[in-house]
Amino acid sequence: GMQVFDLTDPEDPRPVHILPLEHNGLMFQEGDRVYIRGKSEIGIYWLGNLPYIHLVERVRLEPGGSPLHCSSFRVSEGIVYAITFPAWLSVVDVRDPFRPVLLNRIEAAPAENWRYDLGFLNRTVFVTSIHQVDSSVQTSIKAFRIEPDGSLVPALDYPTEFPVERYVEL
C-alpha cells in the first residue's frame, strides 16, 4: 500500500494514513493527483485532502468503458501514455477523469509477448521492447513526436537482432 507520514518533526516521522493497494506498481505524481498502476490498470488518486488519499477514477479509453489495462505508462500534463495489450501505445486525456478522451492509439511494438517500457522527453515518447528467441535477442526502439493536438508522429523505428552470448561463472 501507500503510506502518508507527518513530517512535522523530521526526527520522528509518524504514519497518519495508509492506502491499501492490491498491487504496488508504477506511480507518478502530477499536481494534486497521483497515478498508480495496480495489477494492470491505472488508478487516479486525489491528494487534495491529505493525509487522506482518495481514488477518483480508473483510466479508461472512453467514459463508462472498461479500465485501461497496461504494462507501462507515463503521465504529462494530464495526458496518459500507456502501453496497452497486446502492443499499442494509447494516449488518453484524463484532465477530467470522468470524461476521458482517447487522443491516439498506434501500434508501438513488433508483436505480442515482448517486454516493453516507456520514456518521455521533450514532447517525444520512446517505446523500447525486447524479446528473446532461442539464441538471439530482438530489440526495438520507436519514438513518436507528440503534436499539440495529441497526435503522434513516428520519429524513429530502430529494430535490431543480435546473438546472445552465454557467460559461465566460475
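Small disclaimer: the values here were computed from a predicted structure and weren't measured. Values below: every heavy atom of this structure, side chains too, minus hydrogens, waters and symmetry copies.
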### Task
Given side-chain contact (heavy atoms from CB on, under 4.5 Å), test Ile44 with Val59 step by step and report yes or no.
CA-CA 7 Å; Ile44 304 171; Val59 174; 3.9 Å; yes

### Message
Does Val91 form a side-chain contact (heavy atoms from CB on, under 4.5 Å) with Val80? I'd like the steps, not just the answer.
### Response
CA-CA 6 Å; Val91 182; Val80 172; over 6 Å; no

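- When only modelled atom types and interatomic distance are considered, Asp6 and Thr8 share a side-chain donor-acceptor pair under 3.5 Å.
- Residues passing the side-chain hydrogen bond (donor to acceptor under 3.5 Å, both in side chains) test with Arg60, sequence neighbours excluded: Glu57.
- In this structure the side chain of Val94 reaches within 4.5 angstrom of the side chain of Tyr35, judged on heavy atoms.
- Considering all non-hydrogen atoms of both residues, Phe5 and Pro15 come closest at CD2-N, 3.5 Å.
- A pairwise comparison of heavy atoms in Leu55 and Gly43 identifies CD1-CA, 4.1 Å as the closest pair.
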### Task
Check step by step if side-chain contact (heavy atoms from CB on, under 4.5 Å) holds for Phe98 and Val56.
CA-CA 9 Å; Phe98 301 105; Val56 174; 3.7 Å; yes

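- Inter-residue side-chain proximity for Leu118 and Phe120 is flagged as unmet; no heavy-atom pair is nearer than 4.5 Å.
- A donor-acceptor contact shorter than 3.5 Å is absent between the side chain of Asn122 and the backbone of Thr124.
- Residues Val125 and Val153 do not share a hydrophobic cluster, defined by chaining ILVMFWY side chains whose heavy atoms lie under 4.5 Å apart.
- Listed by chain and residue number, Asp93, Leu103 satisfy the side-chain contact (heavy atoms from CB on, under 4.5 Å) test with Val101 (two or more places apart in sequence, or in another chain).
- The minimum heavy-atom distance linking Met27 with Val34 is given by the pair CG-CG2, 3.4 Å.
- Put simply, the side chain of Arg33 does not reach to within 4.5 Å of the side chain of Tyr45, judged on heavy atoms.
- Within the model, atoms SG of Cys70 and CZ of Arg37 stand 5.5 Å from one another, a figure rounded to the nearest 0.5 Å.
- The two atoms that bring Glu147 and Arg123 nearest to each other are O-NH2, 3.3 Å, heavy atoms only.
- Residues Ile79 and Val92 fail the side-chain proximity criterion, which asks for heavy atoms closer than 4.5 Å.
- Rounding to the nearest 0.5 angstrom, the gap separating the CG atom in Leu89 from the CD1 atom in Ile83 is 5.0 Å.
- Between Tyr81 and Phe144, a ring centre-to-centre spacing not shorter than 6.0 Å is recorded.
- Pro97 and Pro100 get closest at one heavy-atom pair: O-CD, 3.8 Å.
- For the pair Leu102 and Ser90, the tightest heavy-atom approach, listed with the atom from each and the gap, is CD1-CB, 4.5 Å.
- Applying the side-chain hydrogen bond (donor to acceptor under 3.5 Å, both in side chains) test to Arg99 and every residue at least two apart in sequence or in another chain returns nothing.
- Annotation: side chain of Phe126 is not in contact with side chain of Lys142 (no heavy-atom distance under 4.5 Å).
- The distance from the CG atom of Leu156 to the CZ atom of Arg145 is 12.5 Å, given to the nearest 0.5 Å.
- In the hydrophobic clustering (ILVMFWY side chains linked at under 4.5 Å, chained through shared members), Tyr52 stands by itself.
- Interatomic distance, Gln29 CD to Leu47 CG, rounded to the nearest 0.5 Å: 6.0 Å.
- From Ile141, atom CD1 reaches atom OG of Ser129 across 8.5 Å, with rounding to the nearest 0.5 Å.
- Judged as a side-chain hydrogen bond (donor to acceptor under 3.5 Å, both in side chains), and not counting sequence neighbours, Asn104 has no contacts.
- Atom CZ in Arg58 sits 11.5 Å away from atom CD1 in Ile42 (nearest 0.5 Å).
- Residues satisfying the side-chain contact (heavy atoms from CB on, under 4.5 Å) criterion with Ile18, sequence neighbours excluded, are Gln3.
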### Query
Stepwise, does the side-chain contact (heavy atoms from CB on, under 4.5 Å) test hold for His17 with Leu50?
CA-CA 9 Å; His17 183 68; Leu50 288 175; over 6 Å; no

### Query
Please walk me through it: do Asp117 and Thr128 pass side chain to side chain donor-acceptor pair (under 3.5 Å)?
CA-CA 5 Å; Asp117 202 3; Thr128 59; 5.3 Å; no

